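As structure tokens, the structure follows; a few thoughts come after it.
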2 protein chains.
Amino acid sequence: MARGRDEVTIKDVARVAGLGLGTVSRVLNNKPHVNEKSRKRVLAAIEQLGYSPDLVARSMRAGESKTLAFVVRDFTGAILSALADAVQGEIDPLGFSLFVASSYHDPERELALIRRFKARRVDGLIIATSSEADPAVLSEFADGSMPLVLLDRELPEALDAVQVDHAGGAAQAVDHLVSLGHRRIALISGEPDVFPTTERVRGYREALARHGIRHRPALCRVGSFSVDFAYQQAFALLGSKQRPTAIVAGGTAMLPGVLRAAQELELVIPRDVSVVGGADGDLARYSTPPLTVVTWDYAELGRTAGRFLANRLEDPDGPRQRRLFPTRLVPRQSCAPPPDDP
Amino acid sequence: MARGRDEVTIKDVARVAGLGLGTVSRVLNNKPHVNEKSRKRVLAAIEQLGYSPDLVARSMRAGESKTLAFVVRDFTGAILSALADAVQGEIDPLGFSLFVASSYHDPERELALIRRFKARRVDGLIIATSSEADPAVLSEFADGSMPLVLLDRELPEALDAVQVDHAGGAAQAVDHLVSLGHRRIALISGEPDVFPTTERVRGYREALARHGIRHRPALCRVGSFSVDFAYQQAFALLGSKQRPTAIVAGGTAMLPGVLRAAQELELVIPRDVSVVGGADGDLARYSTPPLTVVTWDYAELGRTAGRFLANRLEDPDGPRQRRLFPTRLVPRQSCAPPPDDP
DNA sequence: ATCGAAATTGGAAACGTTTCCAAAATCAAG
DNA sequence: CTTGATTTTGGAAACGTTTCCAATTTCGAT
């Protein structure tokens, strides 16, 4: 099992170079106090033996692993994978490698993942907690034993965070629809206890109020980030007698559900109902008609998260880092004035 | 920097339990030869101190890290992230954590990633090499120093692999189109030096031959897995005088490009041109019209890759593992008989 | 009670680094 | 040359485990 019986170690390098362990280590880490001639000899020996340092041993001794973890609810989906990709791209040049794991919306599982990463001596965590309310997960963070960056979440602790201005996004969507003449505007979003949903609801209600439109609870559907949930809600909404003339779909997973419901009820977008997507993607961009969406810069969000975490590791007591990413509305062809009669 | 000054170690547990290191270690690893009463004492001490073993130290001593890496060209995209997710789900219960990294189609970068993972003592690799031809990457595998599973690639070495039957898939697409009356069928796929493309081309040509249709090189466009490439090729193809009546788009990234080209040329799918997608996804499923695609079970592919790698670690000299995943054609509404005149 | 076998136990050694300290070599100034 | 300061060097100790071996305890049979 134990591969690497034949691995060359720093001792071999020292022997071949005819120098001591200390000197080799100093060369490896670019430390001062090593004669130019010795450095050359060490480098030659390294080259000759094909030596490369054992990062596990290094972690062991140094107490840090140059390793980060990215924990989300679910990787299946273009946005979170784009984020992971961006994070990895950002931290790789700094010598870090990235673990990823999904909690599948299960706080229990999430906790187990965090614990295991802690045991692996991961240097830091980028995490979109499955819930903002789970006390077990919260208390795992409370002791401050693990540097972390929150991804689109809001926790009571004073943690570094990158967030998207979903409230602003929802407001942009409502403004746009109102300007087209809509008054009965529905919102569908996912899990009620996470930042993206609470913010969307807040932005939606505030925008309605601003336009003097009464908020009807029946039009605000919040539950779970799944295609099925979105489908059911959209179906119920669009099938009702006083159906909304527009739907704001929060989150990527909502869009397919809404489209399917509209299709099954033989409602044509945007003639019969207007739709604004809560995040951009291939589906929104290339479907017919292309869908108006609220979007933001995924890659930059990921890079920022990675950078925040790297900063934090360098300066554990530095000031809290936060950034709220603005959204923007991309008008395409899924919104039109409301139909006359219904 | 060195967090964890206060961490509790196996020595503390031994002291509190009033037993030796060996005994504690035996309890931790469920080894035999430990008295029931001692076991209880150790467990109590662990509980009391909140001890959890340091996985880095364990790796150090054991020579294996319980860590795997997943290296692909690009994570942005639903398929590869679904695969990563499946791999992670499969290996997590076995105690493994998963690193991910993108090579961005750059063999140089890919090599650097592999080297770093080796230095991290990763136990194994699941990899979709950026090219099947790069000698540097090949030779890195040749020494057999790292167990690995190939993902949709074919290399001369006798390596474990999971692959998709893209040749069969392309043939299914061609058969379907021919049965509708098409004769001028184009294929667009990505990088020419990787398994999915070479197989698609092979399947495409064989199917054409089987139907007695002459292969026209101009209709077979192969280059890069990018939306832009697909767009350009589709635009050229559909804008030509003898334009194809059907296009087979190999790979997810191809689809948006083809759709956009058709849209800009004001060609209606499937009236003016039929389209078969080379992989399924939200876009294909929910766009209007829904697109006929060739697909396969992404999650099962990922799980199998994970399982193969775990098997290999358990039995380094076991028989070579391979699996070719069948594709199936999902008829939707993007294919129709060819237009009469063009 | 006594003996041999089996079960249980403790702790040194090892894994491959980096860090630290003391020793050796070099240098500059007198 | 001598001396004191500085640079360079070597190697023991430490990081937290597991493994191994020898020592001790327990057990069963006589």
Side-chain angles (χ1 to χ4, degrees), chain A residues 1-42 45-46 49-67 95 116 118-121 123, chain B residues 1-42 45-46 49-67 95 118-123:
Chain A
M1 191 83 347
R3 238 175 330 89
R5 275 325 69 197
D6 54 346
E7 274 310 319
V8 26
T9 81
I10 201 176
K11 270 186 195 159
D12 301 311
V13 175
R15 191 170 33 72
V16 169
L19 290 162
L21 273 58
T23 306
V24 176
S25 178
R26 277 183 286 265
V27 171
L28 283 171
N29 301 36
N30 285 312
K31 290 271 169 75
H33 299 309
V34 34
N35 182 300
E36 193 48 37
K37 219 167 143 184
S38 303
R39 158 166 280 123
K40 287 258 174 60
R41 290 238 300 283
V42 170
I46 288 176
L49 296 173
Y51 166 81
S52 99
D54 182 322
L55 265 29
V56 170
R58 187 174 278 182
S59 305
M60 165 78 163
R61 167 70 219 210
E64 59 171 28
S65 63
K66 286 291 188 175
T67 269
R116 185 180 292 166
K118 269 191 180 178
R120 283 198 191 285
R121 298 229 211 156
D123 295 332
Chain B
M1 191 80 350
R3 240 174 327 87
R5 273 327 66 199
D6 54 344
E7 274 309 320
V8 25
T9 81
I10 202 176
K11 271 186 194 160
D12 301 312
V13 175
R15 191 169 33 70
V16 169
L19 290 163
L21 274 57
T23 307
V24 176
S25 178
R26 278 183 285 265
V27 171
L28 284 171
N29 300 355
N30 287 312
K31 289 272 169 74
H33 299 308
V34 35
N35 181 301
E36 194 49 36
K37 218 168 143 183
S38 304
R39 159 166 278 123
K40 288 258 174 60
R41 291 238 300 284
V42 170
I46 289 175
L49 296 173
Y51 167 81
S52 98
D54 181 322
L55 265 30
V56 170
R58 188 173 280 182
S59 305
M60 165 79 162
R61 167 70 219 209
E64 59 171 27
S65 63
K66 287 287 186 179
T67 270
K118 269 192 179 176
R120 284 201 189 284
R121 296 230 212 159
V122 157
D123 294 333

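Please read these numbers as outputs of a predicted model, since none were measured by experiment.
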Exercise. Would you mind reading off the distance between B:E64 atom CD and C:dC15 atom C1', rounded to a whole angstrom?
Key: 13 Å
Self-check item: d(CZ, B:R15; C1', C:dG10) in whole Å
Solution: 16 Å
Quiz item: Near DNA chain C, under 4.0 Å by heavy atom, which residues of residues 50-59 of chain B?
Solution: none
Quiz prompt | Atom pair distance, as rounded to whole Å: NZ in A:K37 and C1' in D:dT8 | solution = 14 Å
Self-check item: Side-chain N,O (A:S25) to OP1/OP2 (C:dT18) below 4.0 Å
Solution: yes
Exercise. Could you list the residues that satisfy salt bridge (Lys or Arg N to Asp or Glu O under 4.0 Å) with A:R116, not counting sequence neighbours?
Key: B:D92
Quiz item: Roughly how many Å is it from NZ in B:K31 to C1' in D:dT19, rounded to a whole number?
Solution: 7 Å
Quiz item: What string of B, S and - do you get for nucleotides 9-14 of chain D, 5' to 3', when a contact is any protein heavy atom under 4.0 Å?
Solution: BBB-BB
Quiz prompt | Residues which pass side-chain hydrogen bond (donor to acceptor under 3.5 Å, both in side chains) with B:R41, listed by chain and number, not counting sequence neighbours | solution = none
Exercise. Using whole Å, report how far NZ of B:K66 lies from C1' of D:dT18.
Key: 15 Å
Quiz item: For A:R120 and B:K66, which heavy atoms make the closest approach, and how far apart are they?
Solution: NH2-O, 2.6 Å
Quiz item: Which distance, rounded to the nearest 0.5 Å, do you find between the CG of A:D123 and the CD of A:E64?
Solution: 5.5 Å
Practice problem: Apply side-chain hydrogen bond (donor to acceptor under 3.5 Å, both in side chains) to B:R39 and list each qualifying residue two or more places apart in sequence or on a separate chain. | Solution: none
Quiz item: Tell me: CD of B:E7 to C1' of D:dG16, nearest whole Å?
Solution: 11 Å
Practice problem: Could I get the full list of side-chain hydrogen bond (donor to acceptor under 3.5 Å, both in side chains) partners for A:K118, not counting sequence neighbours? | Solution: A:E140, A:S145
Exercise. Check step by step if side chain to side chain contact (heavy atoms under 4.5 Å, CB included) holds for B:Y51 and B:L28.
Key: CA-CA 11 Å; B:Y51 167 81; B:L28 284 171; 3.8 Å; yes
All N/O donor-acceptor pairs, side-chain side in residues 10-24 of chain A, below 3.5 Å, sequence neighbours left out:
unit_1	atom_1	unit_2	atom_2	d
A:D12	OD1	A:R15	NH2	2.9
A:D12	OD2	A:T9	N	2.8

Exercise. Please list, chain by chain and in numerical order, all residues satisfying side-chain contact (heavy atoms from CB on, under 4.5 Å) with A:S59, sequence neighbours excluded.
Key: A:S65, B:V56
Quiz item: Whole Å only: how far is the CE atom of B:M60 from the P atom of C:dT17?
Solution: 8 Å
Practice problem: Could you list all the salt bridge (Lys or Arg N to Asp or Glu O under 4.0 Å) pairs where at least one residue sits in residues 52-63 of chain A, not counting sequence neighbours? | Solution: A:D54-B:R121
Quiz item: Once you build an axis from the first five pairs and another from the last five of the helix from C:dA1-D:dT30 to C:dG30-D:dC1, how far apart in angle are they, to 10 degrees?
Solution: 40°
Quiz item: How long is the line joining CD of A:E36 and P of C:dA25, in whole Å?
Solution: 21 Å
Acceptor/donor pairs from residues 30-37 of chain A side chains to any protein atom, 3.5 angstrom cut, sequence neighbours excluded:
unit_1	atom_1	unit_2	atom_2	d
A:N35	OD1	A:K37	N	2.6

